[in-house]
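Reading through the structure tokens given below for one structure.
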Amino acid sequence: MNVVNGLLMAGAALLAGLGLLDVWMVVLAAGLTGITDAVHNSAFDTSYAMLVPDEQLPRANGMMETIWSLSGVLSPALAASIIALPALARAGALPPALGSVLGRLENGVPLAFGLDAASFLLAATVLALLHIPSPRDAQPLPNPVAAPGAQPARGAGAGPLAAVASLWADVRFGADYIRRRPPLTWARWARCWPDGWPPGWPRAWTLRCWAP
């Protein structure tokens, strides 16, 4: 998902640099990143249980929530600073070596998108080099095509049908868990309510509704 988001941001940076970026393109990119973030963040949050001992889970969750909250506060300020860099360069507020490069840009929007794309691709590279245990490696999966009385397969040997069956079983369990608890259902839909009606409601709706 980091690769997909990185490619989306790289495309946005290219279009912005060419002066071809339109509002509908930004809305489309926001919707796509919202979908990928829903999948990525769900997998990211559930990976805590595979990486952190049970007694440290509350602390790990607290640390990650703090990081998410700080990023929500600091990211807009950082993005605004990056967008302002070309104007600062033309005003002579930056070192000459850096200002001579950034001053050629009309604005810093392509730069902001480009750095965002680089951060996604860097995250994808780091994750590719890490080994995160999978629940399928720790627990046996029932194989629907196995012979009666056969021992359940483990890990990658469980076969694609077992993996698909387990995935949909997890989806059904999660949906049923939320359905039986009305406060969770209302809280889920409350996040989908837009922050404001125009301007800006499509992006707000997309991000709030798909965020975990």
Side-chain angles (χ1 to χ4, degrees), residues 1-6 8-9 30-82 112 115-142 152 154-158 162-195 203-212:
M1 293 303 168
N2 283 322
V3 174
V4 175
N5 285 343
L8 286 172
M9 293 300 104
L32 293 175
T33 54
I35 294 173
T36 57
D37 284 348
V39 178
H40 175 271
N41 292 340
S42 298
F44 186 80
D45 290 341
T46 54
S47 67
Y48 299 164
M50 307 304 299
L51 298 174
V52 180
D54 291 347
E55 61 273 12
Q56 296 294 332
L57 280 176
R59 182 180 180 185
N61 283 324
M63 293 174 64
M64 291 308 304
E65 287 299 321
T66 301
I67 293 175
W68 283 117
S69 299
L70 286 176
S71 67
V73 173
L74 299 178
S75 296
L78 180 60
S81 301
I82 293 173
L115 290 176
D116 199 17
S119 68
F120 277 121
L121 296 177
L122 176 61
T125 303
V126 172
L127 286 176
L129 299 175
L130 294 178
H131 173 68
I132 299 178
S134 171
R136 288 184 295 172
D137 295 332
Q139 300 176 358
L141 288 176
R154 296 180 62 88
V164 172
S166 177
L167 173 63
W168 285 112
D170 290 343
V171 171
R172 289 194 299 269
F173 175 81
D176 187 65
Y177 184 90
I178 294 177
R179 182 180 61 82
R180 293 175 182 274
R181 291 160 177 80
L184 291 179
T185 304
W186 285 109
R188 176 75 276 174
W189 283 106
R191 293 180 64 89
C192 295
W193 189 261
D195 289 329
R203 176 175 173 82
W205 185 89
T206 302
L207 295 182
R208 288 175 62 85
C209 195
W210 285 103

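Numbering starts at 1 and runs along the sequence shown. Side chains are part of it too, since the values below use all heavy atoms of this structure and drop only hydrogens, waters and symmetry mates.
Between the side chain of Asp116 and the main chain of Ala112, no donor-acceptor pair closer than 3.5 Å is present. The main-chain N or O of Gly72 is never found under 3.5 Å from a side-chain atom of Ser75 such that the two would form a donor-acceptor pair.
Residues Leu57 and Asp54 meet the side-chain proximity criterion, which asks for heavy atoms closer than 4.5 Å. Between Asn41 and Trp68, some side-chain heavy-atom pair lies under the 4.5 Å cut-off.
We find the CZ-OG1 distance between Phe120 and Thr36 to be 7.0 Å, quoted to the nearest 0.5 Å. To the nearest 0.5 Å, the span separating CG on Asn5 from OG1 on Thr33 amounts to 6.0 Å. Here the CG atom belonging to Asn2 is positioned 8.5 Å from the CG atom belonging to Asp37, to the nearest 0.5 angstrom. Between atom CD of residue Glu65 and atom CG of residue Leu70 there is a gap of 11.0 Å, rounded to the nearest 0.5 Å.
Within a 6.0 Å radius of CE in Met63, no more than 12 heavy atoms belonging to other residues, nucleotides or ligands are found.
Partners of Arg59 under the side-chain hydrogen bond (donor to acceptor under 3.5 Å, both in side chains) rule, at least two apart in sequence or in another chain, do not exist in this structure.
Salt bridge Asp176/Arg180: present, at least one basic N to carboxylate O contact under 4.0 Å.
Between Gly6 and Ala117, the closest heavy-atom pair is O-CB, 3.4 Å.
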